[in-house]
Amino acid sequence: ITEYALAKGYKKLAFLGINENRKFTQDRFQGFKNALTKNHIQYDEKTTIFAENNANSGLLAGKKLLTNNPEIDCILCSSDDQAAGVMQAANQLNRMVPESLAITGFDGLGKELVITPQLTTIHQPIYEIGVELAKLLLKKIHHPRSGNATVNYYTPILKIGNSTRK
């Protein structure tokens, strides 16, 4: 999603991470930093905050990022819940989305459809993943001596909403 934001012309990106020591949180942060490096953009730790994975933490982090760094033109959030809070912060600080600030999320579990403006996010196909896991579990139950199962990987999908420029 960082690559998408850069391709849309955003220059001053901020990152709102989830303050949990889990692989997916680390992967999202590393992906952000890798995209900056690939595009020859210096990472600035002043524009990164790690917070709880909820809207209230997103609100507080969004206010802090935007107050301390008013030049930010895009905040990439590690979850749609955080992005909902950042959207509130932008509104309270009179930052028009997407005219003066872009906000993106990550999860695509449905919340992006009820946030105004509709959120640009990364959709994870959790339903399909759940069906695949259920099939693997049933196979293991019915054939406990079967070998290792083949695992399919699902590619997340960029869902473009109205919280970024078209």
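- Looking only at distances, no side-chain donor or acceptor of Thr104 sits under 3.5 Å from a matching main-chain atom of Thr120.
- In the hydrophobic clustering of this structure, Ile49 does not group with Tyr10; members are Ile, Leu, Val, Met, Phe, Trp, Tyr whose side-chain heavy atoms approach within less than 4.5 Å, directly or through other members.
- A salt bridge is defined here as a Lys NZ or Arg NE, NH1 or NH2 lying under 4.0 Å from an Asp or Glu carboxylate O, and Arg28 with Asp107 meets this definition.
- Leu119 and Val86 fall within the same hydrophobic cluster, where Ile, Leu, Val, Met, Phe, Trp and Tyr residues are linked whenever their side-chain heavy atoms come under 4.5 Å apart, directly or through other members.
- Atom NZ of Lys140 is surrounded by more than 12 heavy atoms from other residues, nucleotides or ligands within 6.0 Å.
- Cluster annotation: Tyr4 and Phe32 are assigned to the same hydrophobic cluster (Ile/Leu/Val/Met/Phe/Trp/Tyr, side-chain heavy-atom contacts under 4.5 Å, transitive).
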Evaluate the salt bridge (charged side-chain N to carboxylate O under 4.0 Å, His left out) criterion for residues Glu99 and Arg165: first the C-alpha distance (whole Å), next the side-chain angles of each, then the deciding distance (0.1 Å), finally the verdict.
CA-CA 7 Å; Glu99 293 81 6; Arg165 290 190 286 255; over 6 Å; no
Given Ile18 and Phe24, is the side-chain contact (heavy atoms from CB on, under 4.5 Å) satisfied, shown in steps?
CA-CA 9 Å; Ile18 299 171; Phe24 81 92; 3.9 Å; yes
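- Heavy-atom minimum distance, Arg95 versus Pro70: NH1-O, 3.2 Å.
- Within the model, atoms SG of Cys77 and CD1 of Ile1 stand 9.0 Å from one another, a figure rounded to the nearest 0.5 Å.
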Tell me, with the steps shown, if Phe15 and Tyr43 meet ring-ring contact (aromatic ring centres under 6.0 Å, His included).
CA-CA 10 Å; Phe15 181 81; Tyr43 168 69; 8.7 Å; no
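- Hydrophobic clustering keeps Ile72 apart from Leu6 (ILVMFWY residues linked when any side-chain heavy atoms are closer than 4.5 Å, directly or through intermediates).
- The line from CD1 of Ile41 to NZ of Lys33 is 14.5 Å long, rounded to the nearest 0.5 Å.
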Ser79 vs Asn53, side chain to side chain donor-acceptor pair (under 3.5 Å): CA-CA, chis, key distance, verdict
CA-CA 7 Å; Ser79 76; Asn53 186 14; 2.5 Å; yes
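- In this structure, Ala89 and Gly62 approach most closely via the heavy-atom pair CB-C, 3.8 Å.
- Listed for the Asn91 side chain is no donor-acceptor partner under 3.5 Å among the backbone atoms of Met87.
- Taking every heavy atom of both residues into account, Ala83 and Gly105 meet most closely at CB-CA, 4.1 Å.
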Working for salt bridge (charged side-chain N to carboxylate O under 4.0 Å, His left out), residues Lys11 and Asp73:
CA-CA 7 Å; Lys11 304 282 186 221; Asp73 62 358; over 6 Å; no
Let me see the working for Asn54 and Gln82 under side chain to side chain donor-acceptor pair (under 3.5 Å), right down to the final yes or no.
CA-CA 5 Å; Asn54 60 59; Gln82 288 180 327; over 6 Å; no
Would Asn19 and Glu52 count as a side-chain contact (heavy atoms from CB on, under 4.5 Å) if you check the C-alpha gap in whole Å, the side-chain angles of each, and the deciding distance to 0.1 Å?
CA-CA 6 Å; Asn19 64 353; Glu52 297 295 318; 3.2 Å; yes
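- Rounding to the nearest 0.5 Å places NZ of Lys38 at 11.0 Å from OG1 of Thr2.
- For Lys159, the NZ atom sits in a packed shell: over 12 heavy atoms of surrounding residues, nucleotides or ligands are nearer than 6.0 Å.
- For the 3.5 Å distance criterion, the side chains of Thr121 and Asp80 qualify, holding a donor opposite an acceptor.
- In this structure, Asn69 CG and Leu13 CG are separated by 12.0 Å, a value rounded to the nearest 0.5 Å.
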In sequence, state the C-alpha distance, the side-chain angles, and the governing distance for Leu66 and Leu101, and then conclude on side-chain contact (heavy atoms from CB on, under 4.5 Å).
CA-CA 10 Å; Leu66 294 169; Leu101 177 69; 3.8 Å; yes
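- Ser78 and Gly17 make their closest contact through OG-CA, 3.3 Å (heavy atoms, listed as atom of the first residue, atom of the second, distance).
- In terms of modelled atom types and a separation under 3.5 Å, the side chain of Asn162 and the main chain of Gln118 share no donor-acceptor contact.
- Side-chain polar atoms of Thr47 and Asp44 form no donor-acceptor pair below 3.5 angstrom.
- Hydrophobic clustering (side-chain heavy atoms under 4.5 Å, transitive across Ile, Leu, Val, Met, Phe, Trp, Tyr) keeps Ile160 apart from Ile103.
- Remark: Phe29 CZ to Leu16 CG distance equals 11.5 Å, nearest 0.5 Å.
- Separation of atoms CD (Gln30) and CG (Asp27) is listed at 8.5 Å; rounding is to 0.5 Å.
- Side-chain atoms of Thr25 come within 3.5 Å of backbone N or O of Glu20 as a donor-acceptor pair.
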